[in-house]
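Worksheet: one structure, shown below.
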Amino acid sequence: MRFELKERDAAGRLCRFTTKHGTVTTPNLLPVINPNKMIIPPKEMKKRFGTDILITNSYIIYKNPELKKQALESGVHALIDFDGSIMTDSGTFQNYVYGDVHLDPVEIVQFQRDIGSDIGTILDVFGTPHQTRETSEQGVNETIERARKSLPHKGEMLLACPVQGSIYPELRRKCAQELSTLSADFFPIGGVVPLMENQRYSDLVRCILSAKQGLDPSKPVHLFGAGHPLVFSLAVALGCDFFDSSAYAKYANDGRMIFQWGTEKFDDLSELPCSCPICSKYTKESLMELDEKDRTLQLALHNLYVSFMELKIIRVALTEGWLWDLVEQRASANPYLSEAVRVLHEPEHLQWLEHHEPTSKKTAVFYTGPQTIHRPIFYRYHQRLINRYTPFFQETVVFPEGTKPYSMFYSKEITDILAHKNVNLVVRSSLGPVPMELDEMYPLAQSVFPNCVDQETGEIAQQRMENFLEGSSILHWDDQMVFSSEGPLKHPIDFDTRRISAVADMQFGVGASDVLFSGDLRLVKSKQTGKIRNILCDGSHVVSMRAEDGLFTLKIDGGLRLHKRMKYPLLRVVVVDDAVPFIKEGKSLFAKFVSDCDPHLRPYDECVIVDEQDTFLGVGRTLLTRNEMLTFQHGVAVKTRDALQQG
Ligand code: GUN
Ligand code: ZN
């Protein structure tokens, strides 16, 4: 198996996943194939939707003598006539629904192996939402035991071990942790079908979060039995890689059509609110004229078109950095889903999400409503404002929010004030306090909020402003304000110097600005925009400032300064000896060669690359979190920006 992270956003990831039958890009959807009645043959799925991976049920094959014989003789790929990757399920779900499954857990795993399944599934114990903690714990223990017994029999097949634990987060986390130590290949999150059926999305979110918090991050995660596109974006944002859909067929059988916002009864629709190939070919009336079997088929196809389209949208949003926007948009379509997004704002979940949240993105943060202010990126900003930002002076001038960038909008005022008085300059913005010198830093300049925000956002911003200003004497700016009576300052602090030191501390930690910028400073600005570009200290280029996000990129000399003065493991990613020569050649650092990493580093942070003796090797930009770097077997952990030249 190969599982390699390529892009990321929120706690979601876009990965390449390879089995013996090919490579697929995640997040992805596995249509469920019933080998007894394939209403859409796998080959047609491949043609219409580009399906490269699907899921079928080994138990159905196993208990049907003819299918069983054929599968054992020619393999499951021939049985359903599909040459992509095939995942098989084990009968757990049938046992949950019908309760009459008598199977030996090891035998059904051996059977899946023998029919050539790419990813088999153990016979886990389905945990239901209403069961007691004790019953649920027994199920979890039995599931873990079956995983332990099954793993030696998997052969070349990948083995999926579902995380159970009902709605008890501690059980979910424990189950996830124990299965992770067993080196299973693939982790479905099981037992969520009843939550989906009853729209218990808050519980669903808690199940996903607690499972993810215990799982080895380098393995694919599958949300078992969540086939409605309404929840895909949220589940992906929390780190789910795969979904399966039997919903497309079940809903079609029921005369129901799936849409991004929910489900509609075909009979109730006045027209078809869709332009998929099916809805383009047929009108409501012409579909009514079909016989029932054919109409069901057309509805099933529509349901799959919509489901696969949502995954395309999600992959684009994830790659472009607007996955949270999408999650919030989808949540606004359903009150239970909106409620579920609120679960993410609980402090322990925010902390976990903040760990995965990229430092910077290609696109701006779009306000969608009262949930936006709670995003991990703003949580991080306010945490860092408290922990990493030091106001320069006792007095603070507070400005109302103007247009962005604030320092441009207030440039005349800034010049006037700073010539006469040493004060802090702070903008009271819709997302809380913004020190004027941070105004170009991601996500501040890159957030789009409406002029009039909702009450909750207003109150949170107000509260954060009050906390921030505590202990400072406040001067409210108005256009009558004159400081000239105080006479010109002898040694005014230059605004650009304020900017680079505040950004350096916010980005690299307290003290970083002193380390990077002590000495004879020279700022090189863009002739076109007037923005700071390069910063030289004692004649050497230490950092550059990116125009897009107002954050620094490290140069070798900047990295050397940070390395010398910031204690291990701060800002470090550590390379094992074998890989040192590659880094010296400027090649990217692969996860399997990382032996340690500063836990404060976040995805897309600038970092210092060192060997195991903490010898400086170069500077780079991380792609993975610490935990990912230490577990992934494939793919890049750090893009090396520059390596120290020898000699
Ligand atoms: N299909 C839907 N939910 C589950 C589950 O919890 N376990 C298994 N094996 N299959 C499922
Ligand atoms: Zn359609």
Side-chain angles (χ1 to χ4, degrees), residues 30 32 34 48-49 55-60 87-98 101 103 105 108-109 112 117 119-129 131 136 139-140 142-143 146-147 150 159-167 172 175 179 184 186-197 204 207-208 211 221-229 240 242-248 250-252 256-261 263-264 266 269 271-284 286-287 295 297-310:
L30 288 65
V32 175
N34 183 335
R48 282 186 185 262
F49 314 111
I55 181 165
T56 186
N57 198 292
S58 67
Y59 172 67
I60 295 177
M87 179 174 183
T88 47
D89 201 352
S90 55
T92 294
F93 192 66
Q94 284 70 17
N95 192 41
Y96 159 68
V97 177
Y98 309 110
V101 174
L103 260 183
I108 194 67
V109 170
Q112 295 174 72
S117 171
I119 310 156
T121 307
I122 64 164
L123 189 70
D124 49 320
V125 181
F126 196 99
T128 61
Q131 66 190 179
S136 174
V140 164
E142 178 64 18
T143 297
R146 290 182 185 179
S150 302
L159 193 57
C161 296
V163 178
Q164 296 288 349
S166 178
I167 53 167
R172 288 266 176 192
C175 188
L179 292 175
F186 199 97
F187 295 112
I189 296 174
V192 303
V193 170
L195 302 176
M196 284 296 293
E197 286 169 348
L204 177 71
C207 288
I208 299 172
V221 174
H222 176 150
L223 192 61
F224 240 148
H228 202 298
C240 295
F242 286 108
F243 302 91
D244 60 276
S245 174
S246 56
Y248 76 94
K250 277 190 200 147
Y251 283 42
R256 295 198 294 164
M257 296 178 79
I258 290 175
F259 295 100
Q260 284 159 351
W261 61 86
T263 310
E264 309 285 350
F266 170 75
L269 291 171
E271 62 179 303
L272 303 175
C274 177
S275 301
C276 81
I278 304 305
C279 300
S280 302
K281 179 172 171 198
Y282 293 98
T283 61
K284 158 110 199 237
S286 61
L287 271 181
R295 183 166 56 246
L297 168 64
Q298 301 308 322
L299 294 188
L301 286 168
H302 156 91
N303 288 344
L304 277 176
Y305 275 114
V306 169
S307 302
F308 278 107
M309 177 171 72
E310 183 67 354

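Ligands are counted one by one from 1 in listed order, and the atoms in each one are counted from 1 as well.
Excluding water, every protein N/O/S atom under 2.8 Å from the Zn ion (ligand 2) is given here by residue and atom: C274 SG, C276 SG, C279 SG, H302 ND1.
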Next item on the list: Take S90 and I122 through the side-chain contact (heavy atoms from CB on, under 4.5 Å) test and state the conclusion after the steps.
Entry: CA-CA 6 Å; S90 55; I122 64 164; over 6 Å; no
Check: How far apart are the C-alpha atoms of Q164 and T143, what are their side-chain angles, what is the distance that settles it, and do they pass the side chain to side chain donor-acceptor pair (under 3.5 Å) test?
Finding: CA-CA 8 Å; Q164 296 288 349; T143 297; 5.7 Å; no
Notebook entry, point to check: For R146 and V125, what are the C-alpha separation, side-chain angles and deciding distance, and is it a side-chain contact (heavy atoms from CB on, under 4.5 Å)?
Noted result: CA-CA 9 Å; R146 290 182 185 179; V125 181; 3.8 Å; yes
Margin query: For C274 and H302: C-alpha separation, side-chain torsions, deciding distance, then whether side-chain contact (heavy atoms from CB on, under 4.5 Å) applies.
Written below: CA-CA 9 Å; C274 177; H302 156 91; 3.5 Å; yes
Next item on the list: Go through T88 and S117 one step at a time and tell me if the side chain to side chain donor-acceptor pair (under 3.5 Å) criterion holds.
Entry: CA-CA 6 Å; T88 47; S117 171; 2.8 Å; yes
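Within the 4.5 Å cutoff, the side chain of F186 has heavy atoms near those of the M87 side chain.
If you run side-chain contact (heavy atoms from CB on, under 4.5 Å) between P162 and each of D89, T121, L179, only T121 comes through.
Using a 30° and 60° split on the angle between ring planes, H222 and F224 fall in the tilted class, from 30° to 60°.
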For ligand 1, run through the N/O pairs with the protein that fall under 3.5 Å and put one pair on each line.
residue  : atom   : partner : partner atom : Å
ligand 1 : 6 (O)  : Q164    : NE2          : 3.0
ligand 1 : 6 (O)  : G191    : N            : 2.8
ligand 1 : 7 (N)  : D124    : OD2          : 2.8
ligand 1 : 9 (N)  : D89     : OD1          : 2.8
ligand 1 : 9 (N)  : D124    : OD1          : 2.8
ligand 1 : 10 (N) : D89     : OD1          : 3.4
ligand 1 : 10 (N) : D89     : OD2          : 2.6

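Note that CG of L195 is 11.5 Å distant from CD1 of I189, once rounded to the nearest 0.5 Å.
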